[in-house]
Amino acid sequence: MMKGYGLLVAAILALQPPQTVFRTGVEIVEIDVSVMRGTQAVQGLTSRDFALTDNGVTQQVESVMLDRMPLNVTLVLDISRSLFGERLAHLVQAGETFTNALRPDDRVALVTFSHQIELVVPMTTDRQAIRSALGHMEASGSTALRDAVQLAIALDPRDRARSLLLVFTDGHDTVSWLTEAAVLDTVRRSGVVIHAVRVESDGFLDRLTQAAGGRAWSATSDRQLRGLFTRALDEMRARYLLTYAPRGVDTAGWHSVKVSLKNSRGDVTARPGYSR
Amino acid sequence: MRRTIVAATAIAAFACTQPILAQGPGEYEHVAEEYRVGDPNIAIQRLARWPEAAVTESVRYWAKLLRPEQLVAAAMAHTELAAAILDSLPHQTNVQLHHAQELLDALAARRDERERADAVRLRWYQFVISLFSSNARLDDADRYAREALGRFPRDPVLILLKGTILELSAAYNVPAPPSPTLGRSRAPDSATRQGRTLESAAAEYRRALELDPHLAVARLRLGWVHVLAGDNRARDDLTAALGDAKDDTVRYLAHLFLGGLAERQSRFDEAATEYEAALNLGNQHQTPFVALSRVETARGHPDRARELAHQLAALERIDDDPWWNYHLGALDNSALPWLRAEAHRR
């Protein structure tokens, strides 16, 4: 959605893709939106198809882009001791399949976490570096999921590519310093969309992805990981980037945003708002 | 990260796979001497090969014959073997600890050795309780803590350890070990249970502080429990812990916890100051970087948050952070060297 604190000013807009509309000195809000009908992404929508309110005030959606901007994807992968064995092998396969399906101008980073968080490969277009790092992952230790999400968001390059986190975990946080409230606040302040694939049910991931306008998928077996990683990438590709210049909502603080469809059927997923 | 016990995995594997060797009549004494003046790891490995019946027989026989320092050495060989096999052969762990206790009983029965036996037994309990706590075996830890408090009811460190077991129960959100004095009633919900367990932990820390008002770790833990409970006394406790701290680990955690308190109260500037202090004391640890990165985000400094994240990513870290040990439990790192030294002492 919004980059940084959500205020995009004209000075940094020279690099914008042509379909995005910006005006000098005007704040522009970007909302990253997914529209699904069942398991299929709904395509071909235009600005006229979306209704959007900011703190309850109807806004004029100025542009809708079926997104062709490159992706900055950070894979945030749990390698705690419960991954030991076959599950880790399936995770490596899923990561490799995901990496192979990226487009040439997409970039990807690899963050792993147990109790210790590591930026294993910084944001790169070098697929081989990612594949090699995936192959060297070893499972051990406890789980610092919340701390890892915070670090991955902080590491996001915040350039004009679309920032996405794909988080995988098979358990619950056991050792993070940060509270859930702190991490969700960071998410609301950032523009990063977060998807999650999990093996066990974890309420935090539901709240995390909901706050970040993403989705959470649950695997009932390790063999499903590859398919779910692929679905996550498909979902990332099929998103719309709505932009609007907020009108009638000048207050600082949290802005609640609601997006719906006017003329089509589909489930809209977007982050619930932004901090200004 | 957590277990620093001697060559635990190797010994456990050795115990499982090696053939049983015949033991001569003096072999058990040799094991005790090897532990005492030779290589403790070799002594533990030799002991690991013995069949249970032979060990039981040897302990009974040699408990009457070994010199006091040999009794301590033998007790510690059994104890360290128990620690080494805790993951792989948990049912054998308590057998080995039982042998250690038999040997300590024998030491206590000797003329003029009662004082030494008590000192050794107290540190031994502290070590064993921490061993089980750090492996999330809280019921076992609690059992030994109760037993120890039966012998040393006014020892502040044991009372502190009892509180630690309760605090860990709350962190894992598992039911606290059952109290023999409480009747059965309807199980409370998870949050209520967690709150009650933390209250019980706080009560133990207060008891420990009544006996030793400058026990910094108890003050630190009481302060953190108060942070979690939203109790206004947290700040005073943590500041006092900082004043009483005798090592940088306590100071590091006290600053971290003061930062956590300020952060929970949305006093982000103060939180950043405390986290910076923690970072200065532990600039190889992960947690201050994570905490500061988060607070800088909240303060509206995303570039600084990113810089901290990159600093952490570039860091050559050791696999250690006192926060992890605090939160998950850790071995009592002072007890083991003390006990080993006691085995060497004539």
Side-chain angles (χ1 to χ4, degrees), chain A residues 2-7 74 80-81 109-123 140-159 163 172-192 203 252 275-276, chain B residues 1-2 87 134 136 168 171-173 224 227-228 253 256-257 259-260 263-264 266 268 271 275 278 284-329:
Chain A
M2 298 192 69
K3 303 292 177 184
Y5 291 105
L7 305 181
T74 304
S80 61
R81 74 171 72 87
L110 177 61
V111 171
T112 61
F113 65 97
S114 54
H115 53 279
Q116 195 169 53
I117 307 161
E118 289 196 55
L119 173 60
V120 184
V121 183
M123 201 60 80
S140 69
S142 304
T143 305
L145 170 61
R146 295 189 296 271
D147 289 2
V149 170
Q150 166 68 38
L151 256 294
I153 292 172
L155 287 165
D156 180 67
R158 295 188 177 80
D159 55 20
S163 294
H172 303 279
D173 204 314
T174 56
V175 73
S176 280
W177 168 254
L178 297 177
T179 62
E180 177 175 322
V183 176
L184 293 183
D185 182 70
T186 292
V187 168
R188 290 186 195 105
R189 290 167 188 269
S190 78
V192 180
S275 287
R276 188 179 197 181
Chain B
M1 177 179 68
R2 298 164 55 194
D87 287 336
S134 62
L168 286 170
Y172 293 133
N173 204 9
W224 183 240
V227 171
L228 297 177
L253 287 169
L256 204 58
F257 293 174
E263 187 181 346
R264 280 163 171 77
S266 299
F268 295 120
Y275 288 149
Q284 298 293 303
H285 301 323
Q286 176 175 287
T287 302
F289 287 96
V290 173
L292 256 181
S293 172
R294 153 64 198 153
V295 163
E296 293 297 359
T297 303
R299 294 169 90 194
H301 304 153
D303 290 341
R304 173 70 178 141
R306 184 157 187 259
E307 183 187 334
L308 285 158
H310 277 285
Q311 283 176 15
L312 175 64
L315 203 63
E316 281 292 328
R317 274 163 292 161
I318 50 173
D319 186 19
D320 188 23
D321 185 326
W323 162 247
W324 298 334
N325 290 336
Y326 181 96
H327 193 65
L328 297 172

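Being a predicted model, the structure only gives us computed values, none of them experimental. Order of the sequence lines sets the chain letters (A, B, ...), proteins ahead of strands, with each chain counted from 1.
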Completion exercise
Counting heavy-atom pairs under 4.5 Å with chain A, the top scorer among B:Gln286, B:Glu263, B:Arg264 is B:Gln286
Exercise for the section: Could you label the plane-to-plane angle of the B:Tyr275 and A:Trp177 rings as parallel, tilted or perpendicular, counting under 30° as parallel and over 60° as perpendicular? Expected result: perpendicular
Practice task
With a 4.5 angstrom heavy-atom cut-off, could you sort out which part of A:Leu178 is near chain B: side chain, backbone, both or neither?
Solution key: side chain
Practice task
Measure distances from B:His327 to the heavy atoms of chain A and classify the residue's part below 4.5 Å as side chain, backbone, both or neither.
Solution key: side chain
Problem - side-chain hydrogen bond (donor to acceptor under 3.5 Å, both in side chains) partners for A:Asp185, two or more places apart - result: A:Arg189, B:Arg294
Exercise for the section: Give the member of B:Leu256, B:Thr287, B:Leu308 that has the highest number of heavy-atom pairs under 4.5 Å with chain A. Expected result: B:Leu256
Handout entry: By side-chain hydrogen bond (donor to acceptor under 3.5 Å, both in side chains) - contacts of B:Glu307 (at least two apart)
Key = B:Arg304, B:Gln311
Problem - Step-by-step side-chain contact (heavy atoms from CB on, under 4.5 Å) determination, B:Trp324 to A:Gln116 - result: CA-CA 10 Å; B:Trp324 298 334; A:Gln116 195 169 53; 4.2 Å; yes
Practice task
For A:His115 and B:Leu328, run side-chain contact (heavy atoms from CB on, under 4.5 Å): C-alpha distance rounded to whole Å, both residues' side-chain angles, the deciding distance at 0.1 Å, then the answer.
Solution key: CA-CA 11 Å; A:His115 53 279; B:Leu328 297 172; 5.7 Å; no
Problem - A:Ile117, part contacting chain B, at a heavy-atom distance under 4.5 Å - result: both
Exercise for the section: State, with a plain yes or no, whether a side-chain heavy atom of B:Thr297 is found less than 4.5 Å away from one of A:Gln150. Expected result: yes
Completion exercise
Assert top hit (heavy-atom pairs under 4.5 Å, partner chain B, pool A:Ile153, A:Leu119, A:Leu151) equals A:Leu151
Problem - Max heavy-atom pair count under 4.5 Å with chain B, selected residue of A:Ser176, A:Ala152, A:Ala181 - result: A:Ser176
Problem - B:Arg306 side chain reached by A:Pro157 side chain, heavy atoms, under 4.5 Å - result: yes
Handout entry: Under 4.5 Å from any heavy atom of chain B - which part of A:Thr179
Key = side chain
Practice task
Identify the heavy atoms of B:Ala309 and A:Ala154 that sit nearest to each other, and give their distance.
Solution key: CB-CB, 3.7 Å
